[in-house]
Amino acid sequence: MATIARPLPGAMPRPSFGRTIWGIMTTVDHKKIGLMYLTTSLFFFLVGGVEALAIRTQLARPDQHLYSAETYNALFTMHGTTMIFLVVMPMGVAFFNFIVPLQIGARDVAFPRLNALSYWLYLFGAILINTGWFVGAAPDDGWFGYANLTTLAYSPGHNQDFWFAGLQILGVASLIGALNFAVTILNLRAPGMRLMRMPVFVWMTLVTSALLILALPVITVALIELMFDRQFATNFFNVNKGGDPVLWQHLFWLFGHPEVYIMILPAMGIVSEILPTFSRKPLFGYPVVVFSGVAIGFMSWGVWAHHMFTTGLGATANSAFAVSTMLIAVPTGVKIFNWVFTVWGGDVRLKTPFYFAIGFVAMFIIGGLSGVTHALVPSDAEQHQTYYIVAHFHYVLFGGAIFGLFGGIYYWFPKMTGRMLSEKIGLTHFWLMLIGFNMTFGPFHMLGLDGMPRRIYTYPTDRGWGFWNMVSTIGAFTIALSILIFLINVVVSLRKQPDAGEDPWDARTLEWTIPSPPPEYNFAKIPVVQARDPLWHQKLLRRYMAPRAETIGEQKVEEEPGHIHMPSPSYYPLITALGLPIMMYGIIYQSDNKGLWGVVGAGVIVLLLGAFGWATEPT
Amino acid sequence: MGSRTRLLRRLFAGALLLLTLIAATACWGSSNPQDTLAPRGPVAHDQKALFYPAFWIAVIVFFLVEGLLVYAIIHFRHRRGDPEDRLVKQVHGNTRIEIAWTLAPTLLLAFLAIPTVATVYNLEPKKTADSIQVNVIGHQWWWEFQYTDYADPSTPSKFLTTANELHVPVGRRVNITLGSVDVIHAFFVPSLAGQLDAVPGHHNQMWLQADHTGTYLGQCTQFCGSSHAFMRFRVIADDDFDGWIASQKAPPVAPTAATQAGATLFATKTFQNPGHKAGACFACHSVNTVTQGNVGPNLTHFASRSTFAGASLDRTPENIAKWLRDPQAVKPDAIMPNLGLSDQEINDLVAYLESLK
């Protein structure tokens, strides 16, 4: 419950709290926004999953023509774009939102209304980029949209317009979110929560935010160039006028490689929370895990050209990037060892979140090892753009990120909802997903080594690729079944009585010191942190050491929650966010009808109105 | 030991067995025509030679680390009957071990980095006494091959040009310069050489060499639009390369009574193609001494090839007729339009094209 500041005379009153749609639309509460991120990203996980099933059905047998080449190309483009920008990234952000303020002992993020703006921009960007499906012009040039295929000469429809417009908006959403989390982590930590006492998940959020802040401007530049080439006849990528398509590749991958770590670091953070909790001992080598995370962040800027080993950059560039790529495997490998030794010597509780965390480590090892073989440039020439690379990045992004994120869902679901997910159904989900995953993506290694290029919509029988493709397709449907079981688990568990309590896992960090789900103000009294893993530290003192008079860091006196000032809800983030997609639709269609510049103008007005209302709103 | 543990062990054993089988399958390779681990020339051989040490190191690391992980989970699991609040030793780290496992992968990677860099430089293309030069040009969605060492007899300023089937001499170095007229493509013949992009505005260099006579399948690997899947090609290593060159230098077979109708149609009937100049077949396709169209493949010796349409169709009269009836049904978005030919016209053209030995 919040005390709402009295409105300034003449200003519009702020909306009041509610559980209704209106409440969702105006909320600035980091927990509600986190749940909105989570449900939206899970929805798009299903969308991207259906696209994947469509791809696998077409490829199940040789010489199939279930749909046209154009449809297939749109399917794999939107599958990649959806899973990366609409699923893995925002699902990470969902946990940043819900968990980071709780883990650092804060009552909200630094900029609650900006946080709402991020979410709405994410939602509108996602809708915009998917608009193509409904107007018969879904993006179809691949998720990394290599110029000059994406220019007007070779992609005349609006397909790529939806792509660049949607990604621009999603980029703004991520950039705002990243700044918000960086400021939150640096400024809103509870007293005593020094940097080296922060949970690893918070550390990984900080590194991810730094990467986003630096990487998103690069892709923004590339997308603006593409937009100008397509809409305003510039020639950044037009070879005949002196442009160069390789420019796109450099810009894209200079963003794109840090992006890989943007997707994996949150999952690494989640795993670094789950393993100590269920092994009931501290993370092995906390400083090393933190510093290797930071090192990965730095090194991720020096490896982008390994995506371009076959672009023809020359022997010197290829050698340099081969070595830098091998080097980045070192901090990654170090983390793996630290996780294994966190389990070693523990009192290991085999619960669902732990299974998913181990699934992450086990599968990520495979993805990491196949990644090393890609660094051998001459050998990579045989595997680049074949299914071998598709196997590699699915082991990293599905075996890695998705397993880690599901671990996070099972781990924090009780905190978010107050209810435990069923262990039995959870384990069924885990084993089916693990088996389905390996059945789907394991065979890709074989297909790649047998020379099957990625992104071909059909293949002849005589290449001998039929068998493994069929196995893979069966695997894909096994994954789909496991996800169905997960959804059943959520529905069944939500209908139960609240049963989680504050600390169902006997965990270590601050979020487990408050009720589940947490009250709107999170902490009745801001805790004082005495050690890394503050809750576990207290438990050690209380359970295993002589009880001392002063209970360290514990809150004896509950402050009256009525006196806590919380940010009030606001409709302006939603209005402000609405301006951008309107502008983008106008820009997309002005090439058909110059009158539609008016729509762009309308978008600008909506944006400005939103910003004005925001600025003058009573705080 | 509970039944659950046994089940767990069996599951893990099963998983390990499966992975071993998978690894074994990958090693033993296969007889697939685009197998990347069955080199038939020095470039592919050196590329494969780098893969195997990395692969075996990966296998060892895999079993070591996954084994350690699985062992730790099983050995240190909380057993029924263990006290609920048992406190295990709260280890925070161990600097020595951590330095060790930072150094170990660094050394392993250095072991891989040295031959990698050496091979990168060794595989740079270079001219030798008996090397030949071919310009490979990517088009949406077919390959053009220009033999720059051999002039086209009809127009000496032009090179001997073919499409989709690259003939090379056995045992001789073939230096390739890659280009593209439209978007980025990639040239990939797994058994002879790994891929390299054909980037418009760039001239990437690579080489390959076939040590044995044979036909090697290749395919574009850089996504290049609708018919990317049909942008295939073949490399044919000839014992009698000079004989092949001579046959390609020969003027096209003159039309006979049986093929005259098709030849006339080829040279005279005008077609519309939105976005392109209207014209007869020869506006796009070259048949030496008749024309120099270069939008589509050179057809001077069309009937000496075994495939066409980006090497995605076998050259049979039925397939040629199918292509002529509606090229876009075979290769979506192909630049060649549906010409609206009558059955008679198609028969005439098939007869003419099949005569161009």
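This structure is a prediction, so every number in the text was calculated from the model and none was measured. Reminder, nothing fancy here: chain letters follow the sequence lines and each chain counts from 1. Reckoned from all heavy atoms, side chains included, excluding hydrogens, waters and symmetry mates.
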**Q** Classify the ring geometry of A:Phe284 against B:Trp101: parallel below 30°, tilted from 30° to 60°, perpendicular beyond 60°.
**A**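 A:Phe284 vs B:Trp101 ring planes: tilted.
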**Q** Name the region of B:Leu108, side chain, backbone, both or neither, that has any atom closer than 4.5 Å to a heavy atom of chain A.
**A**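 Looking at B:Leu108, nothing touches chain A.
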**Q** Quick check for you: among B:Ala113, B:Gly201, B:Ala54, which has the greatest number of heavy-atom pairs under 4.5 Å with chain A?
**A**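 Most pairs with chain A among the choices: B:Ala113.
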**Q** With distance as the sole test, does B:Asn204 use its side chain to make a donor-acceptor pair with the main-chain N or O of A:Thr311 at under 3.5 Å?
**A**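 Flag set: sc B:Asn204 to bb A:Thr311 pair under 3.5 Å.
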**Q** Among the options A:Ile365, A:Asp347, A:Ile456, pick out the one with the most heavy-atom pairs lying under 4.5 Å from chain B.
**A**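 Max contact count across the listed options: A:Asp347.
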**Q** Under 4.5 Å, counting heavy-atom pairs only, tell me which of B:Lys89, B:His203, B:Glu124, B:Glu98 racks up the most with chain A.
**A**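 If we count pairs closer than 4.5 Å to chain A, B:Glu98 comes out on top.
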**Q** Name the member of A:Val246, A:Ile336, A:Thr310 that forms the most heavy-atom pairs with chain B at distances under 4.5 Å.
**A**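 With the most close heavy-atom pairs to chain B, the winner is A:Thr310.
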**Q** Go through the atoms of A:Pro276 and report whether side chain, backbone, both or neither lie under 4.5 Å from a heavy atom of chain B.
**A**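 It is neither, since no heavy atom gets under 4.5 Å.
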**Q** Go through the atoms of B:Gln205 and report whether side chain, backbone, both or neither lie under 4.5 Å from a heavy atom of chain A.
**A**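 For B:Gln205, no heavy atom lies under 4.5 Å from chain A.
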**Q** Within a 6.0 Å radius of atom CZ on A:Phe291, are there more than 12 heavy atoms belonging to other residues, nucleotides or ligands?
**A**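 No.
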**Q** Identify which part of B:Arg232 has an atom lying under 4.5 Å from any heavy atom of chain A, answering side chain, backbone, both or neither.
**A**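 Only the side chain of B:Arg232 comes within 4.5 Å of chain A.
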**Q** Drop me the distance from B:Asp85's CG to A:Arg280's CZ, to the nearest 0.5 angstrom.
**A**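 One gets 7.5 Å once the value is rounded to the nearest 0.5 Å.
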**Q** Shorter than 4.5 Å, heavy atoms on both sides: which option in A:Thr458, A:Asp244, A:Asn338 has the most such pairs with chain B?
**A**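 Top option by heavy-atom pairs under 4.5 Å: A:Asn338.
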**Q** Against chain B, label A:Ala320 side chain, backbone, both or neither, depending on which of its atoms sit under 4.5 Å from a heavy atom there.
**A**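 Contact with chain B involves no heavy atom of A:Ala320 at all.
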**Q** Measure A:Val372 against the heavy atoms of chain B and call it side chain, backbone, both or neither at under 4.5 Å.
**A**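 Contact with chain B involves the side chain of A:Val372 alone.
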**Q** Go through the atoms of A:Tyr154 and report whether side chain, backbone, both or neither lie under 4.5 Å from a heavy atom of chain B.
**A**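 The side chain, not the backbone.
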**Q** Which answer fits B:His202, side chain, backbone, both or neither, if we ask what part of it has an atom under 4.5 Å from a heavy atom of chain A?
**A**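 For B:His202, the contact with chain A is made by the side chain alone.
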**Q** Most heavy-atom pairs under 4.5 angstrom with chain B, which of A:Gly333, A:Pro245, A:Ala322, A:Gly142?
**A**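 Counting heavy-atom pairs under 4.5 Å, the top option is A:Pro245.
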**Q** Determine the option with the most heavy-atom pairs under 4.5 angstrom with chain B, choosing from A:Ser279, A:Gly448, A:Gly312.
**A**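 Highest number of heavy-atom pairs under 4.5 Å: A:Gly312.
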**Q** So which residue, B:Val65, B:Val189, B:Asp182, ends up with the most heavy-atom pairs under 4.5 Å with chain A?
**A**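 When all of B:Val65, B:Val189, B:Asp182 are compared, B:Asp182 has the most.
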**Q** Judged by atom type as modelled, is there a donor-acceptor pair below 3.5 Å linking the side chain of B:Gln90 to the main-chain atoms of A:Lys281?
**A**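 Checked: no pair found.
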**Q** Can you spot which of B:Leu68, B:Asn94, B:Val91 makes a side-chain contact (heavy atoms from CB on, under 4.5 Å) with A:Phe341?
**A**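 Exactly one pass, corresponding to B:Leu68.
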**Q** Does any backbone or side-chain atom of B:Phe51 lie under 4.5 Å from a heavy atom of chain A? Answer side chain, backbone, both or neither.
**A**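 Both parts, heavy atoms under 4.5 Å.
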**Q** Apply side chain to side chain contact (heavy atoms under 4.5 Å, CB included) to residues A:Tyr146 and B:Gln222 and explain how you reach the verdict.
**A** CA-CA 9 Å; A:Tyr146 267 10; B:Gln222 185 64 270; 3.5 Å; yes
**Q** Taking every heavy-atom pair that is under 4.5 Å apart, which of B:Ala104, B:Pro105, B:Ala198, B:Pro190 has the most such pairs with chain A?
**A**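 Of the candidates given, the most pairs with chain A belong to B:Pro190.
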**Q** When the ring planes of B:Tyr71 and A:Trp344 are compared, do they come out parallel, tilted or perpendicular, using 30° and 60° as the limits?
**A**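 Rings of B:Tyr71 and A:Trp344: tilted, as their planes differ by 30° to 60°.
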